[in-house]
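The next block holds one structure in the form of structure tokens; read it before the comments.
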There are 2 protein chains.
Amino acid sequence: MHALDDGISRWRRVADAIRADIASGVIAKQLPPEVELAERHGVNRHTVRRAIAALSTEGLLRAERGRGTFVNAQPPRVIYPIGERVRFRENMMKQSIEPSGRLIGAERVAADARQAALLDVAVGAPLHRLERLAVVDGMPMSRSTSLFSVQRFPDIISAYAETGSITQALQKSGVSDYRRRETRITAERVSPNDVELLQCASDAIVLISNAVDIDMEGNPVQSVRTRFLADRFELSFKPDAD
Amino acid sequence: MHALDDGISRWRRVADAIRADIASGVIAKQLPPEVELAERHGVNRHTVRRAIAALSTEGLLRAERGRGTFVNAQPPRVIYPIGERVRFRENMMKQSIEPSGRLIGAERVAADARQAALLDVAVGAPLHRLERLAVVDGMPMSRSTSLFSVQRFPDIISAYAETGSITQALQKSGVSDYRRRETRITAERVSPNDVELLQCASDAIVLISNAVDIDMEGNPVQSVRTRFLADRFELSFKPDAD
DNA sequence: ACCTATTTGTGCGTATGTATT
DNA sequence: CAATACATACGCACAAATAGG
């Protein structure tokens, strides 16, 4: 019978009670241990764990093995401008943030239909795939996967490895300047592959930006898919430019 | 000892196995029952449930009590342009989609510091808050909250209620045209308040667009915060315009 | 209309593993 | 090393929704 006062399950009511305690300030930083919460609410420890799991999924709590369960403080999001001119380094330095890119890996792949259309190459044409991790103050901020035509940019990978900058690597390859043609944005849960690199929870949310850069003649230069941690970033679009 | 082959927990390996089966097409639409999966993988039913819960959080699966657990079909996302000229109705009709807005509620509120700065009014100044739900083919697509200065637009609420269009309501209020000054985008889990209106899972992800519209003289007209379901939308930004 | 089998959801008890203090 | 606290895993029981006879 389990003595349900209404149609709400016990773990939901425990979760609601904890959420209320946090909102009212009764619980400020750290939760009582699971066994104590179980006693206090008159439920099994598993039921408390179920409630904590739900609140963790909401992003409200964070459990650390051996230490305890803590209320998540949400720092203000970094503002990331998107527009015609997109330069990671410049954007960050405007906000007094020292950025750095890290090369994760590079590979040659064959263009599928979608990629071929974006980069204006034949289906099956060889592409360089460049995997990068953007780091700010030692904190991973975004993961990006860039695609370049091998035919047009045969040495782009080594150029990036040397300079650590897409802009400079493209200059070495004869592209003096480039601009963004289109940026498409959506959001998903982080892929398991990126969890370790981004040092985030396995159910974190990432903003996904799919973009195509073009040179001054309008020819596609790179197609890039960037994953930003949504709780650390806000993408800003200003028509006027700045 | 539980016979862990490596450092990965059993539920994770079951989850990985299920994910692989889906990717390879071995499982197409519906999963075998939990008890059968438990037998097949040599684990307890709870362990299978843990794996299914993780994959559900990823959006890959959907469990229905009494029926079974199903693979989520992901329909292609609707592309939503963001740029200087933002007109919900026009945007949707370009993709042969018939939109409609629904008035959820309206309220008078006092401007806090942030809102006051955005709308260029005094802190504490009265604002109209307009709550809307955008619906496409009977399917809820986005929830938005608009703020207008009461002083400048005393009758905006009734004008919207009559016309069902922000653009037309503003025209009635003497704003012949307007454009977007800035759009900021991030993502969060859906707020419990919006779950019912958006008819989504309680842990769904929403893209959040915070934007300010200005009239042709550059004066702020409205501040609007829109929540799009991330699995139904892709926001597109093209510098050139279209 | 009813009953039954199937399937997911909830809850408790117990034991053990692992990281932190 | 010991105590504490979260993580994983198994087993059992019953509730609730669904589907079919």
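Keep in mind the model is a prediction, meaning the values are calculated, not measured. Within every chain, numbering begins at 1; the chains are lettered A, B, ... in the order of the sequence lines, protein sequences first and strands thereafter.
For the pair B:Trp11 and B:Ala54, the tightest heavy-atom approach, listed with the atom from each and the gap, is CZ3-CB, 3.6 Å. In this structure, A:Thr186 and B:Arg77 approach most closely via the heavy-atom pair OG1-NE, 3.0 Å.
Near DNA chain D, defined here as any heavy-atom distance below 4.0 Å, the residues from residues 46-54 of chain B are B:His46, B:Thr47, B:Arg50, listed numerically.
Taken over five-pair windows at either terminus, the axes of the helix from C:dC2-D:dG21 to C:dT21-D:dA2 are inclined to one another by 10° (rounded to 10 degrees).
Put simply, B:Arg67 has a side-chain N or O that comes within less than 4.0 Å of OP1 or OP2 on D:dA19. Considering only side-chain N and O atoms, A:Arg10 lies under 4.0 angstrom from the phosphate OP1 or OP2 of C:dC12. For B:Thr69 and C:dT7, the shortest distance from a side-chain N or O to OP1 or OP2 is not below 4.0 Å. Regarding contacts with the backbone of D:dA9, every side-chain N or O of B:Asn44 stays at 4.0 angstrom or more from both OP1 and OP2.
D:dC6 atom C1' lies 15 Å from atom CD of A:Glu36, rounded to whole Å. The CZ atom of A:Arg65 sits 19 Å away from the P atom of D:dT4 (whole-angstrom rounding). Taking atom CG of residue B:Leu61 and atom P of nucleotide C:dG9, one finds them 11 Å apart after rounding to whole Å. To the nearest angstrom, C1' of D:dC10 lies 17 Å from NE2 of B:His41. In this structure, the CZ atom of B:Arg12 is 7 Å from the P atom of D:dT8, given to the nearest Å. Taking atom CD of residue B:Glu34 and atom C1' of nucleotide C:dA5, one finds them 16 Å apart after rounding to whole Å. Between the CZ atom of B:Arg45 and the P atom of C:dG11 there is a distance of 14 Å, rounded to whole Å. Atom P of nucleotide C:dG17 and atom CD1 of B:Ile8 are separated by 18 Å, given to the nearest angstrom.
In this structure, the side chain of B:Arg143 engages the main chain of B:Arg132 through a donor-acceptor pair within 3.5 Å. Remark: the backbone N or O of B:Asp112 is paired with a side-chain donor or acceptor of B:Gln115 at under 3.5 angstrom. Formation of a donor-acceptor pair under 3.5 Å by the A:Arg225 side chain with backbone atoms of A:Ser223 is not found in this model. A side-chain donor-acceptor contact under 3.5 Å links B:Asn72 to the backbone of B:Gly59.
Along DNA chain C, the nucleotide nearest A:Gly66 and the nucleotide nearest A:Trp11 are compared for position; the residue whose nucleotide lies closer to the 5' end is A:Trp11.
Ring planes of B:Phe237 and A:Phe237: tilted class, angle from 30 to 60°.
Within 4.0 Å (heavy atoms only), B:Val43 reaches sugar-phosphate atoms of the nucleic acid but no base atom.
Residue B:Glu234 is tested with A:Asn210, A:Ile208, A:Ile185 for a side-chain contact (heavy atoms from CB on, under 4.5 Å); the sole match is A:Asn210.
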Please report the C-alpha distance between B:Arg232 and B:Ser142 in whole Å, then the side-chain angles of each, then the deciding distance to 0.1 Å, and finally whether the side-chain hydrogen bond (donor to acceptor under 3.5 Å, both in side chains) criterion is met. CA-CA 10 Å; B:Arg232 298 185 197 162; B:Ser142 67; over 6 Å; no
